[in-house]
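We count ligands from 1, going down the list as the structure has it; atoms in each ligand are counted the same way. The model shown is predicted, which means the values in this text are computed figures rather than measured ones. Numbers here simply count residues along the sequence, with the first being 1.
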Amino acid sequence: MINATLKELSRHLTSGEVTSVELATQYLDRIKALNPALNAFITIDGEKTLEEARAADAARAAGEAGPLTGVPLAYKDIFCQEGWKTSCGSRMLDNFVAPYSAHVVERCRAAGMVTLGRTNMDEFAMGSSNENSYYGPVKNPWDFNAIPGGSSGGSAVAVAARLAPAALGTDTGGSIRQPASHCGVTGIKPTYGTVSRYGMVAFASSLDQGGPMAQTAEDCALLLNVIAGFDSHDSTSLERAPEDYTRSLEQPLTGLKVGLPREYFAEGLSEDVAQVVQSAIDTLRQLGAEVVEVSLPNTRLSIPAYYVIAPAEASSNLSRYDGVRYGHRAAEYSDLVDMYERTRAEGFGDEVKRRILVGTYVLSHGYYDAYYLKAQKIRRLIADDFRKAFERCDVILGPVAPTAAFDIGQLADDPVQMYLSDIYTLSINLAGLPGMSVPAGFAGNGRPVGLQIVGNYFSEAKMLNVAHQFQLATDWHARRPVL
Ligand code: GLN
């Protein structure tokens, strides 16, 4: 059961082969056994989980079950969930128990899904390696010396290590796709505005987007069906008719036009990753896809633009952590300003402080035009690059990250190198486009490598179709680390 997909679990629950309580118990036991080494979860609460599972079993018995009723799910610790500690990986929120639930959590709950626990992450979702968590680094189950990727590393590891059949993550500049790639799981960041940000702790509001991480594209589609949709509590939530993201999974890929951006296969891409991506492209070609070369000339500007815009928004969003209303407050202080300063000095880690400093600087009078405004202009150019590219193809393919997972500690003291590893993911967020990562092979050192699929706005069903057909033809997504 532990290796079953959501689709299979749904079937087993429907047939009565297993109950939700039995399923939850199996996962909780596995979490208990493996989490001390992996550190994928920040909070588990068996009693709460089992209570939800019992309610799901009762709903089934009463004939009120939907397809995912009773199926367990893990949440990145960034989604507020009523009654659960919601730390966002930070000391600042170590004592924060959410008084309400995020829109996506409400939706999963309404679908009858059972909470397995809250997964580890980089503090306030800032990072690419999960080394920035107040709760310590997460280990990659394929190789305990490797980073799992970030910032949704706990969610990726939970799925890869089969501590959960699926998990939710968030992606501001790659945080679903990059850990999915490094851990050999499937993850999708939807078009900006598709999934409500209400109750999702804010990092960079114009970029943040929640999404599913699971073993297969089909499971991601099932989860997206649950979490996507308009929410009046989020002013950037898009009011569109509901979609069934599974509707095109079975379509053949004959005639599919696949764009390969020249700039994604240039200097900086490791040989290992290039080979894996190339062989994935060959597979898609065999499935009937046609390859065209496209160009995204402003790709290299995505790093400076993102690392101005994201910190700018973060510095504003994180100003709410002042020690007054909730979260950490310094124990000793002389006056109000001293209380603010000590609270923030103690509550935030180094990377978060770095972003607040950069963000405050680029927004300050005299520098705003030179940095923030300029970055916004680049953002437009990047979106235009994609608009032009999508005139010639249906999806764009490329690597997710320049290398397979690096070692824990390898880039920890070199933030600029760390930022450079986001080169293939950031521009997708800057443009607001959907992107996904699909397991596509392994590097020479045995660490997983993902294929990135980027789609035009609202083409999630098409991307999931491409990923599903790829997964029918390959078994990379079904490989498991030995634990
Ligand atoms: N690595 C990027 C950053 O550190 C992206 C993080 C994310 O998507 N949350 O900001």
Side-chain angles (χ1 to χ4, degrees), residues 75-79 88-90 119-133 137-138 147-156 167-183 187-190 192 195 197 200-213 302-315 317-318 348-359 362 375 379 399-403 405-406 411-412 414-437 450 452 454:
Y75 294 100
K76 185 179 183 178
D77 210 17
I78 196 169
F79 295 101
C88 216
S90 181
T119 60
N120 205 342
M121 55 180 286
D122 282 304
E123 185 177 6
F124 287 104
M126 298 175 190
S128 313
S129 68
N130 232 296
E131 294 167 289
N132 298 338
S133 169
V138 180
I147 55 116
S151 65
S152 313
S155 288
L168 295 190
T170 63
D171 191 313
T172 303
S175 282
I176 287 176
R177 290 160 287 158
Q178 188 254 23
S181 175
H182 289 336
C183 293
I188 181 163
K189 176 206 100 73
Y192 183 79
V195 169
R197 291 182 295 104
M200 210 173 94
V201 178
F203 163 12
S205 310
S206 77
L207 301 160
D208 296 342
Q209 192 61 193
M213 304 172 84
S302 63
I303 295 178
Y306 173 89
Y307 280 100
V308 166
I309 292 169
E313 294 186 20
S315 71
N317 272 327
L318 272 58
F348 292 137
D350 288 349
E351 184 58 28
V352 173
K353 286 177 186 160
R354 185 179 294 126
R355 309 262 179 133
I356 293 173
L357 288 173
V358 170
V362 300
R379 185 174 189 174
V400 175
T403 64
F406 42 87
L411 301 182
D414 192 344
V416 174
Q417 273 306 317
M418 188 79 87
Y419 298 167
L420 289 175
S421 70
D422 297 340
I423 178 78
Y424 306 122
T425 49
L426 301 177
S427 48
I428 284 79
N429 301 72
L430 288 168
L433 291 164
M436 75 183 291
S437 176
Q452 185 168 209
V454 181

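Near ligand 1, residues Ala125, Met126, Gly127, Ser128, Ser151, Asp171, Thr172, Gly173, Gly174, Ser175, Phe203, Tyr306, Tyr307, Arg355, Asp422 come within 4.0 angstrom through at least one heavy atom.
Considering only heavy atoms from C-beta on, Phe124 stays 4.5 Å or farther from Asn317 through its side chain. Residues Leu318 and Met126 meet the side-chain proximity criterion, which asks for heavy atoms closer than 4.5 Å.
In this structure a side-chain-to-backbone donor-acceptor pair under 3.5 Å is missing from Thr172 to Leu207.
Applying the salt bridge (Lys or Arg N to Asp or Glu O under 4.0 Å) definition to pairs two or more places apart or across chains, those involving residues 171-180 are Asp171-Arg177.
Not counting sequence neighbours, the partners of Glu351 by the salt bridge (Lys or Arg N to Asp or Glu O under 4.0 Å) test are Arg354, Arg355. Here Phe406 pairs with nothing under the ring-ring contact (aromatic ring centres under 6.0 Å, His included) rule; sequence neighbours left out.
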